[in-house]
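Worth saying up front: this structure is predicted, and the values here are computed from it rather than measured. In what follows, chains are A, B, ... by sequence order, proteins preceding strands, each numbered from 1.
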2 protein chains.
Amino acid sequence: MGPTMHDVARVAGVSIKTVSNVINDYPHVRPGTRDRVIEAIEQLDYRPNLSARGLRSGRTGVIGLAVPSLRENYFAELADSVIRAAEARGLGVIVEQTGGQRDKELLAVSTSRPRFLDGLLFSPVSLGQEDAGALAIDGPLVLLGERIFDGPTDHVTMHNMSSAQAAVQHLLEIGRRRIALVGADLNGIDETSSASLRLKGYMRALEEAGIEMDPALVRTTEMSRWNRAGGAEAAHLLVRDGVEFDAVFALSDTLGLGVLRALGEENLRVPDDVAVIGFDNIDESNYSVPSMTTVDPGREEIAVLAVDRLIERISEKTADRRPPETVKPEFRIVKRESTGFPTIEGE
Amino acid sequence: MGPTMHDVARVAGVSIKTVSNVINDYPHVRPGTRDRVIEAIEQLDYRPNLSARGLRSGRTGVIGLAVPSLRENYFAELADSVIRAAEARGLGVIVEQTGGQRDKELLAVSTSRPRFLDGLLFSPVSLGQEDAGALAIDGPLVLLGERIFDGPTDHVTMHNMSSAQAAVQHLLEIGRRRIALVGADLNGIDETSSASLRLKGYMRALEEAGIEMDPALVRTTEMSRWNRAGGAEAAHLLVRDGVEFDAVFALSDTLGLGVLRALGEENLRVPDDVAVIGFDNIDESNYSVPSMTTVDPGREEIAVLAVDRLIERISEKTADRRPPETVKPEFRIVKRESTGFPTIEGE
DNA sequence: GTGAAAGCGCTAACAT
DNA sequence: ATGTTAGCGCTTTCAC
């Protein structure tokens, strides 16, 4: 067991309170005293016991991040951003994987969370609007994604609809008219899924361009197959169904990467025969053959916004509680080879 | 502030000790008493305060995992495996990213770690053999990777040399003779890098086949460019230098994926003109065009072995301390399209 | 500006 | 089989 505050106090010839003051940057400490304490800390290699601090102060300095899986690139990159944002603010991050399973998601916001985490960033994929009530947990909670709106907590989401609209506009601008959509929701349009919101953006863009939507171009994909295999399958089916198309809007980058693979196998050239745009801007989409145009929803900023919201909630006094707030970062279209633009290194 | 053991004890009509006994599965509790306590726990939605437990018992139930970055697929997938292994054993995981920077790696095993984590899994890339001394920290530590051998801690690594040898043998078996290697160490062979160990395996396989190594086929890549861009660059240079080759052994999958991209741009067909094998078996290598043959170093088992070693060390009494131990899982070659085998779904 | 002391919620030694 | 109790190392209120 390492040295304690008492040890430091003894070596520095002060009381434990003074040591505490120095460690917590309490301003009214005489410089000389402060120096003696710091010296003692270094001499003993003293480090505060966070369990004790946590017990006393009610804060552990650790937040949770609950995501479906780190094997999904988007969430691995989101975790990277969250961990860096949290570290910059002196917080550690415990990563929990829900596997996108409803029971594990419910667990993440309930019992599984003993009094330990200062707060939780939670990105559900199975819970929906009807579960908003389950979010009324005791600790600070910030929601990520678009499964639940108007819940009792802060919410960081993205411009799903307008960015999807912009994506389709980009395809229209390069002259495409038969634009397939890959990854639509099986249940049609419910307000709360990324897929539905992005589909709405697609429809809006077509409508503005005066193009009638062809249902044969809209391909559904089970949520569990929102990956390369699912994208490949959808593209193969498009071809084998004999549907004519000159562009694909994939509702996620991994779907898009699968589409690229399948189009290659079908001997269709990208972007000459078919242009492709994805959604998420994961690192990988810059390195596919060809590199893939995509929507950058502002992942990095989502992480920063979320961590900052959470910190605010953690330090907020119960009395002057602000009402829950929903924020979204700006998005941008990253143009690459799959829509006829050269790849920009490092983009 | 939630209910405490005292509250539970009061509701159940027992003493706090009995509550503690029930929670910690102490065997000698009368069934009826146990039931009353469990009922009270549920009624109050009581959850133990881990800070208090940690303070008292010296255990927090949280371990650390320090990796370069979750944006590198291999480490994201490793983190996934570690988190699942740890969860199965009731431990949480705080993920730290070192960015592969020497100073942050040193920090990970020193001051940055206040008395909080029960133990640390550490995958260094900048620290080397000469830093073995820095690992003599107080808490349990298990090392991952191959930067440091014979250090003072347990070490989970992989069969770098023999698996690399097997990779090259696979290329030889399909009739390739001019096998390029992408990703060699700039500093030539030092014992402690994955690159060097895998290069040795390459040389051994060639030697056994009676093929003389052609230095023009061995391409070096800076550690910081062990990614798709670095792999692509190396492949482009191979072609532009006019080197003849019919296969590439990429020392990592991301290098290999870059190689695939570059070969496509150079109008070389894979595997007809050039066969490609990677190393790591990240999910992505199964979805490239073409899908990529690779070495599966046993990542999943590495995680389990590491977590189990760490748990043993955590619960070990200082007295009967076992000497440090080095373990490696089995590897296997996953054959895919890039060496002429059909992709197997889900492989 | 600094010290003394209480107590956060829990575990475990000891008592019954 | 269960109860009593003393801390674990820290923060914080209250003195001085």
Side-chain angles (χ1 to χ4, degrees), chain A residues 1-38 40-41 44-62 113-118 138-139 314-315 317, chain B residues 1-38 40-41 44-62 113-118 138-139 314-315 317:
Chain A
M1 187 127 298
T4 74
M5 271 193 167
H6 283 103
D7 300 322
V8 175
R10 191 165 15 78
V11 170
V14 297
S15 89
I16 174 180
K17 174 66 190 343
T18 304
V19 177
S20 175
N21 283 342
V22 170
I23 287 172
N24 296 294
D25 290 324
Y26 180 72
H28 306 297
V29 180
R30 223 182 313 239
T33 314
R34 178 184 304 275
D35 293 344
R36 284 213 315 287
V37 170
I38 290 174
I41 288 175
L44 295 171
D45 189 26
Y46 165 81
R47 281 163 289 164
N49 179 318
L50 296 193
S51 288
R53 176 179 290 174
L55 175 57
R56 182 62 238 224
S57 67
R59 303 266 182 81
T60 57
V62 178
R113 214 159 70 79
R115 270 160 244 318
F116 182 72
L117 299 176
D118 288 347
D138 37 346
I314 290 170
S315 44
K317 285 168 191 45
Chain B
M1 189 126 297
T4 74
M5 271 193 169
H6 283 102
D7 300 323
V8 176
R10 190 161 17 76
V11 170
V14 298
S15 88
I16 173 179
K17 175 66 192 339
T18 304
V19 178
S20 175
N21 284 341
V22 170
I23 287 173
N24 296 295
D25 290 323
Y26 180 71
H28 307 296
V29 180
R30 222 183 315 237
T33 314
R34 180 185 302 275
D35 293 344
R36 286 214 313 290
V37 170
I38 289 174
I41 287 174
L44 295 170
D45 189 27
Y46 164 80
R47 281 164 288 164
N49 179 318
L50 296 193
S51 290
R53 177 180 289 175
L55 175 57
R56 182 61 237 222
S57 68
R59 302 270 180 79
T60 57
V62 178
R113 213 161 69 81
R115 271 162 245 314
F116 181 72
L117 299 176
D118 287 347
D138 36 346
I314 290 169
S315 44
K317 285 169 190 44

From A:Asn49 CG over to B:Phe116 CZ, what is the distance, rounded to the nearest 0.5 angstrom? 9.5 Å
Please enumerate all residues that pass side chain to side chain donor-acceptor pair (under 3.5 Å) together with A:Arg10, with sequence neighbours excluded. A:Asp7
Go through the structure and list residues passing side chain to side chain contact (heavy atoms under 4.5 Å, CB included) with A:Ile38, not counting sequence neighbours. A:Val22, A:Arg34, A:Glu42
All side chain to side chain donor-acceptor pair (under 3.5 Å) counterparts of A:Asn24, not counting sequence neighbours: A:Ser20
For B:Thr18 and D:dT2, is the shortest distance between a side-chain N/O and OP1 or OP2 below 4.0 Å? no
Difference in axis direction between the ends of the helix from C:dG1-D:dC16 to C:dT16-D:dA1, five pairs, 10°: 30°
If I take atom CG from residue A:Asp35 and atom CZ from residue A:Arg30, how far apart are they, to the nearest 0.5 angstrom? 12.5 Å
Under the side chain to side chain contact (heavy atoms under 4.5 Å, CB included) test, which residues partner A:Arg59, sequence neighbours left out? A:Ser57, A:Asp118, A:Ile314, A:Ser315
Atom CZ of A:Arg36 to atom P of C:dG3: distance rounded to whole Å? 9 Å
Starting at atom CZ of B:Arg30, determine the distance to atom C1' of D:dT2, rounded to an integer number of angstrom. 8 Å
B:Phe116 has an atom CZ; how far is it from atom P of D:dG9, in whole Å? 16 Å
With the side chain of A:Asn49 defined as its heavy atoms from C-beta on, choose the nearest nucleotide among D:dC10, C:dT2, C:dG3. D:dC10
To the nearest 0.5 Å, atom CG of B:Leu50 lies from atom OG1 of A:Thr60 at 9.5 Å
When you check every protein heavy atom under 4.0 Å of nucleotides 11-16 of chain C, what one-letter string (B, S, -) results, 5' to 3'? BBB---
dist B:Arg36:CZ -> B:Thr18:OG1 (nearest 0.5 Å) comes out at 9.0 Å
Residues B:Val29 and B:Tyr26: closest non-hydrogen pair is CG2-O, 3.6 Å
Taking atom C1' of D:dC8 as reference, at what distance in whole Å does atom CG of B:Leu55 sit? 4 Å
Nucleotide D:dG3, atom P - distance to CZ of B:Arg10 in whole Å: 14 Å
Atom CZ of B:Arg34 to atom P of D:dT2: distance rounded to whole Å? 9 Å
Can you measure B:His6 atom NE2 to D:dG3 atom C1' for me and round it to whole angstrom units? 11 Å
A:Ser51 side-chain N/O to D:dC10 phosphate OP1/OP2 under 4.0 Å: no
Does C:dC8 have OP1 or OP2 sitting under 4.0 Å from an N or O in the side chain of B:Thr4? no
